[in-house]
There are 2 protein chains.
Amino acid sequence: MKTFDQYQNPALAVDLVVLGYQLGQLQVLLLNRKEAPFANRWTLPGAFLQFTETFQQTCHRILDSKLGMRNLYLEQLYSFDQPDRDPRGRVIAVAYYALINPANYKTAAGTMANDVKWFPVHELPDPAFDHQNIIQTALKRLQAKILYQPTGFELLDQDFTIADIQELYECILGRELDRRNFRRKFLDARYILPTGAKRGNLKNRHPELYRFNKDLPLQKFHLNIELP
Amino acid sequence: MKTFDQYQNPALAVDLVVLGYQLGQLQVLLLNRKEAPFANRWTLPGAFLQFTETFQQTCHRILDSKLGMRNLYLEQLYSFDQPDRDPRGRVIAVAYYALINPANYKTAAGTMANDVKWFPVHELPDPAFDHQNIIQTALKRLQAKILYQPTGFELLDQDFTIADIQELYECILGRELDRRNFRRKFLDARYILPTGAKRGNLKNRHPELYRFNKDLPLQKFHLNIELP
DNA sequence: CAACTTAACGTCATTATGACGCAAAGTAAA
DNA sequence: TTTACTTTGCGTCATAATGACGTTAAGTTG
C-alpha cells in the first residue's frame with residue numbers, strides 16, 4: 001500500500017470567522033497581519049492544519065491560544081479553493097465560523113492588544129486574501145441559520161429580554177420586525193421561557209428576562225421571515 | 001516570500017455524491033473499487049485534487065471522463081477530516097454532490113459497465129472509507145435544500161406531472177404528503193406552470209404536464225413541511 | 001356501457017402571520 | 001404629587017397558509 005506523502009499537495013489552512021454581538025451590532029474579529037504578503041492588513045484568524053490535526057482541533061488551537069476563547073459554538077462553513085487566493089502558493093482554506101458572546105471574554109472593545117480588533121460587519125476594512133468573501137459567506141449562512149436553528153442565543157447572555165433578541169435578529173437579518181408579532185411568536189411557540197426576574201436600572205418599564213427553552217424539539221424551531 | 005511546498009500537507013481528495021431519481025427511488029452512483037485498500041468494495045467516485053485545479057474542475061474531470069456526465073447541478077457539501085478515514089495516510093476529502101436525471105445519460109440501470117452502479121439510497125451496500133457518512137450527509141442536505149430551493153427539478157425531466165414531483169418529494173423527505181394540498185401549493189404559488197400538453201399512453205386520465213417556473217424569485221420558494 | 005383508477009377541483013376548520021391599538025410600569029421633569 | 005414621556009406587555013382583527021378530506025371528470029379495460 002503506497003502513501004501520498006510524496007505527491008505535491010496544496011497547503012491546507014483553517015480560517016475562522018469569529019462573530020460576536022456587541023453594542024447592538026454584529027462584529028467580526030480580525031487580526032492585523034505583521035508579515036508579507038498583506039503586511040499591515042486585517043485578516044481572519046487562521047492557521048495551517050497540522051498533519052495529524054482535525055479541523056476542529058486547529059480551530060481550538062487558534063481560538064484558545066491566540067484569543068483565549070473556549071466553549072463556543074463552532075461550525076464548518078465552506079472550503080475555498082481559488083488557486084490564486086494566496087500569493088505564496090496553492091493554499092486551500094477550510095473556513096469555520098464561531099459564535100461568541102464577547103461579554104464572556106476580555107475581548108470587549110478596548111481591552112485587547114491593538115493587533116486584534118472587532119469590526120462591525122457594516123464597517124469592515126478591506127481584508128487580506130479572499131477573506132471578504134469568506135466573511136460574507138459566513139454572514140449569509142448565519143442569516144439562514146437563525147431562521148431554522150436556535151443559534152442566535154449563542155451570541156447573547158443566558159438571560160435576555162425580548163427586545164435584546166429582537167434587535168439581534170433585526171441586526172443579522174438586516175430588516176425591521178414588528179415588536180408585538182415577534183414577541184408573540186417566541187412566546188407562543190415556547191422558544192424562550194421566563195426566568196421570573198426582570199432587568200432593573202432602566203429609565204422605563206423594567207422588562208422581563210427570558211432564557212432559551214432547552215427542551216424545545218429542534219425541528220419545532222422555525223421562523224417564517226423573508227429576507228429583504 | 002516563501003512558499004509552502006516543502007511542508008508535509010495532507011492529500012486532498014474530491015469525492016462526489018451523484019444522486020439520481022429513477023424507478024421512483026432516489027439512487028446514488030457507486031464504483032466498484034479494484035485496488036487495495038477496500039478492493040471489491042463500493043465507493044463514491046473521486047479523485048485527488050491536482051495542484052492547479054479548483055474543486056469544481058476536479059468534479060468535472062471525474063464526471064465527464066469517468067461517467068460521461070456534464071451540465072449538471074453541483075454543489076459543495078462538506079469537508080471530511082477524520083485522520084483515519086483513509087488507511088493509506090492523511091487524506092482530506094472535500095465532498096460535492098451532484099443532481100442528475102439519469103434518463104439523460106447512458107447510465108440507466110443495466111446499460112453501464114459492471115463496476116459502476118446505481119444503488120437506491122435505502123439499499124446501500126456498506127461502502128468503503130467514510131463514504132457512508134458522506135452519503136448520509138448529502139441526503140440530509142438534499143432534504144433541507146428542496147424545502148427552500150427549487151433544486152428537486154434537477155432530478156426530473158423538463159416536463160413532468162404533479163404526481164411525478166410529489167413522489168420525488170415524498171421519496172426524498174421520507175414521508176407522505178397530501179395529494180391535493182401539494183398540488184394547491186405548487187400551483188397557487190406558481191412554482192410550476194402548465195405546458196398545455198398532457199401525458200398520454202396511460203391507463204387512466206391523462207395528467208397535465210408542467211414545467212418549473214424560471215421567473216420565480218428564488219426567495220419566494222418555500223415549503224413548510226416538517227421532517228418525520 | 002359498467003367498473004375501475006387517477007386527475008382535477010373544491011370545502012371547511014384551524015393555525016400562522018401582518019398590521020395595528022391601548023393600557024401598564026417605570027423614570028424624570030413640572 | 002402630578003404630568004409627560006418612553007418602553008413593555010397584552011389584545012384585536014383581517015388575511016394568508018395549512019391539514020384533512022369529499023366530489024366530479026377523464027381516460028382505459030372488460
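Keep in mind that the numbers below use all heavy atoms, side chains included, and drop hydrogens, waters and symmetry copies. To find a chain, count down the sequence lines: A is the first, B the second, and so on, and within it residues start at 1.
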**Q** Can you list everything that forms a ring pair (Phe, Tyr, Trp, His ring centres under 6.0 Å) with B:F212? Sequence neighbours excluded, please.
**A** B:F153
**Q** In chain order, what residues pass the side chain to side chain contact (heavy atoms under 4.5 Å, CB included) check against A:P228, with sequence neighbours excluded?
**A** A:R175
**Q** Going by the rule side chain to side chain contact (heavy atoms under 4.5 Å, CB included), which residues pair with A:E123 if we only count those two or more places apart in sequence or in a different chain?
**A** A:Q25, A:P120
**Q** side-chain hydrogen bond (donor to acceptor under 3.5 Å, both in side chains): which pairs involve residues 92-102 of chain A, sequence neighbours left out?
**A** A:E75-A:Y97, A:Q76-A:Y96, A:N101-A:D157
**Q** For DNA chain C, which residues in residues 160-179 of chain B have a heavy atom at a distance below 4.0 Å?
**A** B:A163, B:R179
**Q** Output the rounded distance in Å from CZ (B:R180) to P (C:dT6).
**A** 14 Å
**Q** Quick test of your reading: applying side-chain hydrogen bond (donor to acceptor under 3.5 Å, both in side chains), list the pairs with at least one residue in residues 202-211 of chain A, sequence neighbours left out, ordered by first then second residue.
**A** A:D159-A:R211
**Q** Figure out the CZ/P separation between B:F182 and C:dC9, and round it to whole Å.
**A** 16 Å
**Q** Between protein and nucleic acid, restricted to nucleotides 11-14 of chain C and to nitrogen or oxygen atoms under 3.5 Å apart, what atom pairs and distances do you find?
**A**
none

**Q** For the side chain of B:Q27 and the backbone of B:Q22, is there at least one donor-acceptor N/O pair under 3.5 Å apart?
**A** yes
**Q** Which pair of non-hydrogen atoms, one from A:F119 and one from A:P125, has the smallest distance, and what is that distance?
**A** CD2-CD, 3.4 Å
**Q** Does any part of the side chain of B:I134, heavy atoms only, come nearer than 4.5 Å to the side chain of B:Y78, both counted from C-beta?
**A** no
**Q** How far does CZ of A:F186 sit from CD1 of A:I162, to the nearest 0.5 angstrom?
**A** 9.0 Å
**Q** Going by side chain to side chain contact (heavy atoms under 4.5 Å, CB included), name the residues that satisfy it together with B:R190, two or more places apart in sequence or in a different chain.
**A** B:L193, B:N213
**Q** Of all residues at least two apart in sequence or in a different chain, which pass the side chain to side chain contact (heavy atoms under 4.5 Å, CB included) check with A:A197?
**A** A:T195, A:L209
**Q** Between the protein and nucleotides 1-5 of chain C, list the N/O to N/O atom pairs that are separated by less than 3.5 angstrom.
**A**
{"from": "C:dT5", "atom 1": "O3'", "to": "B:N204", "atom 2": "ND2", "distance (Å)": "3.4"}
{"from": "C:dT5", "atom 1": "O2", "to": "B:N204", "atom 2": "OD1", "distance (Å)": "3.1"}

**Q** Look up atom CG in B:D130 and atom CD in B:Q132, then write down how far apart they are to the nearest 0.5 Å.
**A** 10.0 Å
**Q** What residues in residues 207-228 of chain B put a non-hydrogen atom under 4.0 Å from any atom of DNA chain C?
**A** B:P207, B:E208
**Q** Would you confirm whether A:K185, through its side chain, and A:Y191, through its main-chain N or O, come within 3.5 Å as a donor-acceptor pair?
**A** no
**Q** Name the first nucleotide and the last nucleotide along DNA chain D (5' to 3') that come under 4.0 Å of a heavy atom in chain A.
**A** D:dT6 to D:dT12
**Q** I'd like to know if the side chain of B:R33 and the backbone of B:A128 have a donor-acceptor N/O pair within less than 3.5 Å.
**A** no
**Q** Is the side chain of A:H131 donor-acceptor paired with the backbone N or O of A:L44 at a distance under 3.5 Å, no angle test?
**A** yes
**Q** Is B:R183 near enough to C:dA7 that one of its side-chain N or O atoms lies under 4.0 angstrom from OP1 or OP2?
**A** no
